[in-house]
Amino acid sequence: MPELPEVETLCRQLKPLILHEQILCVEIRDCKLGSVGELVGKEVASVARHGKTLEITLDNDAKLLLHLRMTGRLQWQTGQQVLPPHTRFVMSFSTGKLLLIDPRRFATLTLTNNGICEALINDPLRDYRISRFWRLSRKKKLSVKSFLLDQRVIAGIGNIYACEILYEASIDPVRSACSVSRKELERIAAAGKNILNRAIACRGTTVSDWRDLFGREGEYQHELNVYNREGLPCPRCQGRIQRMCLSGRGTYFCPSCQK
DNA sequence: TATAATGTTAGACT
DNA sequence: AAGTCTAACATTAT
């Protein structure tokens with residue numbers, strides 16, 4: 001479910017609620033998550049996002065890394081309501097409770113002492129270097145879409161935004177990464193920044209079950225050009241949007257203006 | 001009932 | 001050996 005803009009939305013909403021707050025109680029309700037060590041009594045020193053990972057640093061420098069994978073959601077709850085179905089983890093503060101809800105149970109939670117510097121370097125909204133992006137693309141024969149989805153290349157892009165970025169850059173998703181020219185790759189990088197920033201401003205894309213920390217839908221679904229729009233007219237050339245399967249994922253594109 | 005779903009990765013295959 | 005592809009994870013909704 002959540003890609004970079006969705007995780008960034010959660011990060012921004014969560015920060016003012018839990019920064020410098022003490023963890024009062026932790027409940028793991030799904031043993032598949034494993035144990036996360038001793039968190040009770042620690043204070044939250046920072047809340048950050050790296051790619052699609054949410055990082056909560058504690059006052060002893062330990063880091064709680066949360067990855068929502070496909071259907072993970074975070075919900076903020078104040079008061080005594082019953083927990084929603086599929087609530088897998090609860091962390092309580094004096095200000096309220098943070099719930100992890102995850103029907104498919106793919107989400108992961110890890111406590112670590114070393115950061116995740118790889119994603120720090122490769123986050124497209126930080127000091128991402130086009131030179132590195134270009135260099136990596138030169139030796140890749142796989143599709144440019146799979147290239148964009150490789151979190152070691154860029155951290156944070158998922159299936160929806162990969163489709164949208166390639167549409168905005170007018171690049172055919174099946175082309176091999178190494179066939180993309182420097183100019184075209186610059187177009188992809190620019191489209192990536194535009195789209196991700198715009199999607200953050202919209203608090204993410206709700207096509208099925210994405211909700212923000214307070215249960216609200218995002219707004220970027222109203223600005224999608226190709227994703228989930230098979231058979232509808234392309235906003236640019238009036239051709240029909242097609243759907244195909246690429247590396248196992250639904251891929252939407254306009255065959256007449258993505259070359 | 002069959003298929004697809006916004007992610008990642010171990011293991012298989014080139 | 002390194003690059004690439006596939007199946008699997010677990011559950012719900014169409």
Side-chain angles (χ1 to χ4, degrees), chain A residues 1-11 29-34 49-54 65-74 84-89 100-110 116 118-119 122 124 135-167 173-179 192 195-196 198-200 202-212 216-231 242-253:
Chain A
M1 174 168 57
E3 305 180 30
L4 183 151
E6 289 74 26
V7 181
E8 179 66 22
T9 298
L10 292 171
C11 182
R29 313 182 87 243
D30 178 1
C31 56
K32 190 172 177 250
L33 286 172
R49 177 195 59 76
H50 305 299
K52 300 173 190 169
T53 302
L54 188 73
L65 303 179
L66 179 64
H67 197 302
L68 298 168
R69 306 282 176 130
M70 288 290 264
T71 53
R73 288 176 48 192
L74 290 181
H86 314 299
T87 302
R88 310 293 182 192
F89 175 80
L100 167 65
I101 301 162
D102 183 23
R104 286 171 76 178
R105 304 169 69 203
F106 289 168
T108 55
L109 203 53
T110 30
I116 40 175
E118 180 95 354
N122 303 331
R135 178 167 42 79
L136 288 174
S137 74
R138 290 310 79 196
K139 35 191 171 179
K140 300 287 186 182
K141 290 203 190 65
L142 47 58
S143 70
V144 62
K145 189 193 177 206
S146 303
F147 182 65
L148 290 183
L149 289 173
D150 185 338
Q151 302 297 297
R152 297 162 303 184
V153 174
I154 315 184
I157 294 175
N159 200 35
I160 294 179
Y161 297 111
C163 292
E164 294 296 316
I165 289 166
L166 291 171
Y167 172 79
V174 302
R175 278 180 56 189
S176 69
C178 61
S179 79
I195 289 171
L196 295 172
R198 180 71 195 135
I200 291 169
C202 290
R203 299 182 349 277
T205 302
T206 302
V207 292
S208 60
D209 48 9
W210 157 253
R211 298 293 185 280
D212 72 10
R216 294 175 67 200
E217 296 192 350
E219 300 292 344
Y220 195 77
Q221 63 277 15
H222 305 305
E223 302 187 22
L224 295 175
N225 288 309
V226 287
Y227 187 82
N228 229 6
R229 293 176 49 83
E230 183 180 17
Q242 269 186 30
R243 179 190 186 278
M244 67 180 307
C245 209
L246 218 185
S247 52
R249 317 306 303 276
T251 301
Y252 299 84
F253 67 108

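The chains referred to below are lettered A, B, ... by the order of the sequence lines, with proteins before strands, and numbering in each begins at 1. The figures here come from the full heavy-atom set of this structure, side chains too, leaving out hydrogens, waters and symmetry mates.
- Side-chain N/O atoms of A:R69 include none lying less than 4.0 angstrom from OP1 or OP2 on C:dC9.
- Judged by ring centres under 5.5 Å apart and planes tilted less than 30 degrees, A:F106 fails to stack against the six-membered base ring of B:dT8.
- In this entry the distance linking CG of A:L149 with P of B:dA5 reads 13 Å, nearest Å.
- When the P atom of C:dT12 is taken as reference, atom CG of A:D102 falls 11 Å away, rounded to whole Å.
- Taking atom CG on A:L68 and atom P on B:dT8, their separation rounds to 10 Å, with Å as the unit.
- Rounded to whole Å, the P atom of C:dA13 lies 23 Å from the corresponding atom of B:dT8.
- Here A:K52 reaches the OP1 or OP2 of B:dG7: one of its side-chain N or O atoms lies under 4.0 Å away.
- Distances from the side chain of A:R104 to the nucleotides B:dA5, B:dT8, C:dT4 place B:dA5 closest.
- In this structure, C:dA2 forms a base pair with B:dT14, meeting either the Watson-Crick or the G-U wobble geometry with both donor-acceptor distances under 3.5 Å.
- Put simply, A:Q151 has a side-chain N or O that comes within less than 4.0 Å of OP1 or OP2 on B:dT8.
- B:dT9 and C:dA1 have their P atoms separated by 23 Å, given to the nearest Å.
- The pair A:R88-A:D102 does not count as a salt bridge, with every side-chain nitrogen at least 4.0 angstrom from each carboxylate oxygen.
- When heavy atoms are screened at a 4.0 angstrom cut-off, A:G248 is found touching no nucleic acid atom at all.
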Worked verdict on A:E3 versus A:I160 for side-chain contact (heavy atoms from CB on, under 4.5 Å): CA-CA 8 Å; A:E3 305 180 30; A:I160 294 179; 3.2 Å; yes

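- Here the P atom of nucleotide B:dT3 and the CG atom of A:N228 are 19 Å apart, to the nearest Å.
- Across all strands shown, A:G250 has heavy atoms under 4.0 Å from sugar-phosphate atoms exclusively, and none from any base.
- For the pair A:M70 CE and C:dA7 P, the computed distance is 16 Å after rounding to whole Å.
- Here the C1' atom of nucleotide B:dG7 and the NZ atom of A:K32 are 12 Å apart, to the nearest Å.
- If you take NZ of A:K145 and C1' of C:dC5, they are 15 Å apart, rounded to a whole angstrom.
- Spacing between atom CG of A:D150 and atom P of B:dT9 amounts to 10 Å, rounded to whole angstrom units.
- Using a 4.0 Å heavy-atom cutoff across all strands shown, A:E6 reaches no nucleic acid atom at all.
- Taking the side chain as every heavy atom from C-beta outward, A:Y220 and A:I195 approach each other to under 4.5 Å.
- Nearest nucleotide to the A:H86 side chain, out of C:dT4, C:dT11, B:dG7: C:dT11.
- Using a cut-off of 4.0 Å between Lys/Arg side-chain N and Asp/Glu carboxylate O, A:R105 and A:D30 are scored as salt-bridged.
- Within the nucleic acid shown, A:R243 comes within 4.0 Å of sugar-phosphate atoms alone, with no base atom in reach, counting heavy atoms only.
- Note on A:P2: a base of the nucleic acid sits closer than 4.0 angstrom, heavy atoms only.
- The backbone N or O of A:T87 lies less than 3.5 Å from a partner atom in the side chain of A:R29, making a donor-acceptor pair.
- The heavy-atom pair separating A:V226 from A:C163 by the smallest distance is CG2-O, 3.7 Å.
- Base engagement by A:D209 is indicated by at least one non-hydrogen atom pair under 4.0 Å involving a base atom.
- No donor-acceptor contact under 3.5 Å links the side chain of A:R105 to the base of C:dA10.
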